[in-house]
K.L.:
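Next up is a structure, given as structure tokens.
By convention in this document, chain letters (A, B, ...) are assigned in the order of the sequence lines, proteins followed by strands, and residues within each chain are numbered from 1.
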Amino acid sequence: MPELPEVETTLRGIAPFVEHQKIVDLTVRQPRLRWPVTENIQDIVRGQNIRQLTRRAKYILLGLDKGSILIHLGMSGSLRIVEPSEDWRKHDHIEMQLNNNQALRYHDPRRFGCWLWSHTEHAQLSHLGPEPLSNEFDGDRLYSASRSRKMAVKPFIMTNSVVVGVGNIYATEALFRSGIRPDRAACKISKKRYDVLAKNIKGVLAAAIHQGGTTLRDFVNSDGQPGYFQQSLDAYGRAGKPCKLCKTSLKELRLGQRSSVFCPKCQT
DNA sequence: ACACTAACCTGCAAGC
DNA sequence: TGCTTGCAGGTTAGTG
């Protein structure tokens, strides 16, 4: 589910129910996530107000009176608002009860996500590159960061110290839109082409956010609605199908253990 | 500094 | 039908 647009969609969906509420209690049924859930987190956060929800990369931050909770959805996590009486489903690991008589429920079959409280800045956020939708991120940035990089451009743009929030789906789509082969060496791409690529990374992420994210398998956002970006995917998941521009059969290769689909004619 | 692998987990689909 | 294998949206710790 969650790449940046899905995280942003989730954040926007839950924020109206969560912001400015007081945490009545927190229930942790399964503390073994990517990292163990912060010890005694219930005692720390009980009675605190949630001042604001923000996003950094694919992390959601709940800013409390004292410190903050860092949430990541990993590869299979989701957050939704539930009524307090709602039955627990398999893989519902955490519930935060709020004083508006609703609760925030965390569901994560693969348990690659996290729930961490910290009084100071979270270590996970300290070495992150720029947000892709910010003005800090542009073709200049990609060009200068790539000069010493022999690695393929696709894993390069998925590297968090270069730019955050570009996962496998949107990396695949941005490269298709830019006409750049995913296995081209990052250091051999011109400034001009990086300008195009940076614009397309922004464009594809913004479009996906606008459409409520991409629905893969069973992803629904916090309102229970699917994302509609899937129908806009040009390359991801379309190996063997005709290119939407030139009808050539799309090819697939693996880069850094990730499937990468591209058009051998349009992408050079 | 960079590049690559393995690891954390479960569920599902394809193949035998 | 049932078992095995491989793959899936992410990130980082460790190795060379």
K.L.:
Please check the phosphate of C:dG9 (OP1 and OP2 only) for any side-chain N or O of A:Ser76 closer than 4.0 Å.
P.N.:
no
K.L.:
Side-chain donor-acceptor pair under 3.5 Å between A:His122 and A:Ser68, yes or no?
P.N.:
yes
K.L.:
Can you tell me how the ring of A:His93 sits relative to the ring of A:Tyr106, calling it parallel under 30°, perpendicular over 60° and tilted otherwise?
P.N.:
tilted
K.L.:
Identify whether the distance between the nearest side-chain nitrogen and carboxylate oxygen of A:Glu8 and A:Arg55 falls below 4.0 Å.
P.N.:
yes
K.L.:
Might you point out which heavy atoms bring A:Cys263 and A:Thr248 nearest each other, and give the distance in Å?
P.N.:
SG-CB, 4.1 Å
K.L.:
Does a side-chain N or O of A:Tyr236 approach OP1 or OP2 of C:dG9 to a distance below 4.0 Å, or not?
P.N.:
yes
K.L.:
What I'd like to find out is whether the side chain of A:Trp117 reaches to under 4.5 Å of the side chain of A:Leu64, using heavy atoms alone.
P.N.:
yes
K.L.:
Please tell me which of A:Gln257 and A:Ala145 maps to the more 5' nucleotide of DNA chain B, matching each residue to the nucleotide holding its nearest heavy atom.
P.N.:
A:Ala145
K.L.:
Tell me: CG of A:Leu255 to C1' of B:dA3, nearest whole Å?
P.N.:
13 Å
K.L.:
How close or far is atom P of B:dC4 from atom CZ of A:Arg254, stated in whole angstroms?
P.N.:
15 Å
K.L.:
Of all the heavy-atom pairs spanning A:Met151 and A:Thr159, show the shortest one and how long it is.
P.N.:
CE-OG1, 4.3 Å
K.L.:
Starting from P on B:dT5, measure out to CE on A:Met151 and report it in whole angstrom.
P.N.:
11 Å
K.L.:
Just the dot-bracket of DNA chain C, please: which string comes out with Watson-Crick or G-U pairs under 3.5 Å, [ ] for crossing, | for another strand?
P.N.:
.|||||||.|||||||
K.L.:
Tell me whether the NZ or CZ atom of A:Arg105 lies within the 45° cone about the ring axis of A:Trp88 and under 6.0 Å from its centre.
P.N.:
yes
K.L.:
May I ask you to list the residues of residues 172-184 of chain A, by number, that have any heavy atom positioned under 4.0 Å from an atom of DNA chain B?
P.N.:
none
K.L.:
Quote, to the nearest angstrom, the C1' distance that separates B:dA3 from C:dG9.
P.N.:
23 Å
K.L.:
Side chain of A:Arg111 only, heavy atoms from C-beta on: which candidate in B:dC9, B:dC2, B:dC4 is closest?
P.N.:
B:dC9
K.L.:
Can you check each nucleotide of nucleotides 10-16 of chain C against protein heavy atoms at under 4.0 Å and return B for base, S for sugar-phosphate only, - for none, in 5' to 3' order?
P.N.:
BBSS---
K.L.:
C:dA8 P sits how many Å from A:Gln230 CD, rounded?
P.N.:
15 Å
K.L.:
So, are A:Asp183 and A:Lys154 salt-bridged, with charged N and O less than 4.0 Å apart?
P.N.:
no
K.L.:
Does the side chain of A:Gln97 come within less than 4.5 Å of A:Gln21's, by heavy atoms?
P.N.:
no
K.L.:
In whole angstrom, give me the gap between the P atoms of C:dT12 and B:dG11.
P.N.:
25 Å
K.L.:
According to the interplanar angle, ranging from 0 to 90°, do the rings of A:His72 and A:Tyr59 count as parallel (below 30°), tilted (30 to 60°) or perpendicular (above 60°)?
P.N.:
perpendicular
K.L.:
Between B:dG11 and A:Lys90, is there an OP1 or OP2 to side-chain N/O distance shorter than 4.0 Å?
P.N.:
yes
K.L.:
Report, as yes or no, whether the 6.0 Å neighbourhood of atom NZ on A:Lys188 holds more than 12 heavy atoms from other residues, nucleotides or ligands.
P.N.:
no
K.L.:
With rounding to the nearest 0.5 Å, note down the distance linking CG in A:Leu104 to CD1 in A:Ile14.
P.N.:
5.0 Å
K.L.:
Measure the distance from CG on A:Asp108 to P on B:dC9 and round it to the nearest whole Å.
P.N.:
12 Å
